[in-house]
Amino acid sequence: MSNRIVIVGGGYAGAELARSLDTKAEVTLVEQRSHFVHSAAMIRALVTPELMDRAMIPYDKLLKRGTVVQATVASVDETGVTLADNSRIDADYIVLATGSDNATPFKPKGADVAGLREDVLRINAQLKAAKTIAIVGAGAVGTELAGEIAHFMPEKKVTLISGPAHLFPDQPAKLGQSLAAKLQAAGVNLLLGTRAENLDNLTEPYSGTLTLSDGQTLSADLIFPVIGSRANSDLFDTLPTVSRTTANRVVTDGYIRPSSLPNVFATGDVADNGDAMTIVATMRQVPWLTKTLTALISGKTVDDLKPYTKWNKPPILVPLGPNKGNSYLSLFTVGDLLTRQLKGKDLFIKKNQKAFGRT
Ligand SMILES: Cc1cc2nc3c(=O)[nH]c(=O)nc-3n(C[C@H](O)[C@H](O)[C@H](O)COP(=O)(O)OP(=O)(O)OC[C@H]3O[C@@H](n4cnc5c(N)ncnc54)[C@H](O)[C@@H]3O)c2cc1C
């Protein structure tokens, strides 16, 4: 039976896929890091670093039957993957879930989980010492960061800067309006409809002066560039006929395959299949891949199966610290109470601890 599945990358997409295929196939998950890093908790970890102990989780109890190999995959072909030390893992199906990078200290650089810990502690000390903070970029990460600092360090003067004239311009207007009102009530200075034109560093917080597109200048003891994720797609260069879209993501076909190889799939942030770069998107892709791969190993072909369709109105949950926030739940927006219960209170840490075999 052709049921050997190799998954490259044990982030949200790869780890959950490995877990859901564990009883159905012979699964090998190849992940370069020692620990899964729950990025949704890393924003609050910056103001309460002790959270890192529960937001970084070892892989040893993720799978019951399958294997987790701690290694970096260097190349992929239709018969398997080659690791950085030149050893091989053969496979019938391969899923690439190599994810994305973000600014320091929100995701580890490569395999360096210990380095992320040090970065969080270092920047937490800088944050404590700073009086004025500027956050450039008001996507979910920038907005949440402003909310966490306003909640846990209310004495800081926080400015949130964003090019669009409204927060979350692609979501129902009520979401952005409610969040803006709550941030302002918490003392955050919102500068919307203006862009920082001279970011000295795109990936690390620093102290300096910003020139804004409306002509203002703004000095801050700590400037956080929070301008989005960039996909880790270098590995895809080892596949035939791969092309890219924005943020270094890879184009996929209707069955979320990134190349002309019929048994190689891609999921999560790295795969541009129409979904945004979110954990939420992986919650639609992983069940589809589980179903599809289970059918393929039982002898079906992709032509017998339904293609993947993107999530048209995915939910988004935006806590501003543990008690406040707003969310769009695909049909309507909700406020503090549900945002706290669904995400703000615990940031899905318990859920991830459980998924990784911790209680
Ligand atoms: C601070 C922050 C907060 C966020 N909060 C939310 C949120 O609340 N909700 C939400 O929906 N989204 C959130 N996101 C987005 C979310 O983190 C991403 O969408 C998610 O990480 C994508 O999962 P993934 O599995 O595709 O990739 P990643 O989580 O990036 O995982 C990829 C994995 O692949 C491994 N890898 C890469 N290359 C190789 C290789 N060659 N060999 C072996 N291993 C390799 C990496 O080490 C990594 O573990 C947040 C992002 C950030 C930065």
Side-chain angles (χ1 to χ4, degrees), residues 6-18 28-46 55-57 59 68-76 81-85 89 94-113 116 120 137 139-145 148 203 224 226-238 247 249-250 266-273 275-286 289 311 314-319 325 327 339 342-344 346-349 351-352:
V6 168
I7 300 167
V8 181
Y12 293 91
E16 187 55 29
L17 182 65
T28 306
L29 173 65
V30 190
E31 166 55 50
Q32 60 189 352
R33 295 176 186 153
S34 59
H35 292 65
F36 170 80
V37 177
H38 178 34
S39 53
M42 294 312 292
I43 304 169
R44 189 169 298 161
L46 202 49
M56 297 179 176
I57 315 172
Y59 283 93
V68 180
V69 176
Q70 190 183 348
T72 302
V73 172
S75 67
V76 183
V81 299
T82 304
L83 307 184
D85 67 1
I89 304 177
I94 300 155
V95 182
L96 304 179
T98 51
S100 64
D101 286 336
N102 204 281
T104 302
F106 297 124
K107 280 189 161 187
K109 295 181 186 101
D112 194 5
V113 175
L116 177 65
V120 168
V141 176
T143 302
E144 285 189 37
L145 180 61
E148 295 293 338
T203 55
F224 284 92
V226 192
I227 52 176
S229 298
R230 190 168 167 78
N232 287 319
S233 61
D234 289 359
L235 182 61
F236 290 70
D237 290 335
T238 63
R249 299 179 90 191
V250 165
T267 183
D269 279 7
V270 77
D272 191 350
N273 47 39
D275 287 331
M277 296 168 91
T278 61
I279 303 163
V280 168
T282 70
M283 290 161 66
R284 181 175 176 91
Q285 293 166 26
V286 168
L289 267 172
W311 200 340
I316 177 167
L317 294 89
V318 190
S327 303
T339 303
L342 292 172
K343 182 175 172 190
D346 166 65
L347 299 171
F348 298 115
I349 293 177
K351 179 180 179 228
N352 281 282

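Counting from 1, the numbers follow the sequence of the chain as shown. All ligand and atom numbering here is 1-based and tracks the order in the structure.
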Parallel, tilted or perpendicular, as decided by the 30° and 60° cut-offs, for the rings of Phe36 and Tyr59:
perpendicular
Please identify which of these residues, Asn102, Asp101, Thr278, meets the side-chain hydrogen bond (donor to acceptor under 3.5 Å, both in side chains) condition with Ser229.
Asn102
Check: [X] side chain, [Y] main-chain N or O, donor-acceptor pair, under 3.5 Å:
X      : Y      : value
Thr98  : Asn232 : yes
Arg249 : Asp269 : yes
Thr238 : Leu235 : yes

If only side-chain N and O atoms count, and only distance matters, is there a donor-acceptor pair under 3.5 Å linking Thr104 with Thr203?
no
List, for ligand 1, each N/O atom that has a protein N/O partner under 3.5 Å away, with both atom names and the distance.
residue  : atom   : partner : partner atom : Å
ligand 1 : 8 (O)  : Lys343  : NZ           : 2.6
ligand 1 : 11 (O) : Ile279  : N            : 2.8
ligand 1 : 11 (O) : Val280  : N            : 3.1
ligand 1 : 12 (N) : Ile279  : N            : 3.2
ligand 1 : 17 (O) : Ser39   : OG           : 2.7
ligand 1 : 19 (O) : Asp269  : OD1          : 2.7
ligand 1 : 19 (O) : Asp269  : OD2          : 3.2
ligand 1 : 19 (O) : Met277  : O            : 3.3
ligand 1 : 19 (O) : Thr278  : N            : 3.3
ligand 1 : 19 (O) : Ile279  : N            : 3.3
ligand 1 : 21 (O) : Lys107  : NZ           : 3.1
ligand 1 : 25 (O) : Tyr12   : N            : 3.0
ligand 1 : 25 (O) : Ala13   : N            : 2.9
ligand 1 : 26 (O) : Asp269  : N            : 2.8
ligand 1 : 30 (O) : Ser100  : N            : 3.2
ligand 1 : 30 (O) : Lys107  : NZ           : 2.8
ligand 1 : 34 (O) : Ala97   : O            : 3.4
ligand 1 : 41 (N) : Val73   : O            : 3.1
ligand 1 : 42 (N) : Val73   : N            : 3.0
ligand 1 : 44 (N) : Gln32   : N            : 3.3
ligand 1 : 47 (O) : Glu31   : OE2          : 2.7
ligand 1 : 47 (O) : Gln32   : NE2          : 2.9
ligand 1 : 47 (O) : Arg33   : NE           : 3.2
ligand 1 : 49 (O) : Glu31   : OE1          : 2.7
ligand 1 : 49 (O) : Glu31   : OE2          : 3.1
ligand 1 : 49 (O) : Arg33   : NH1          : 3.3

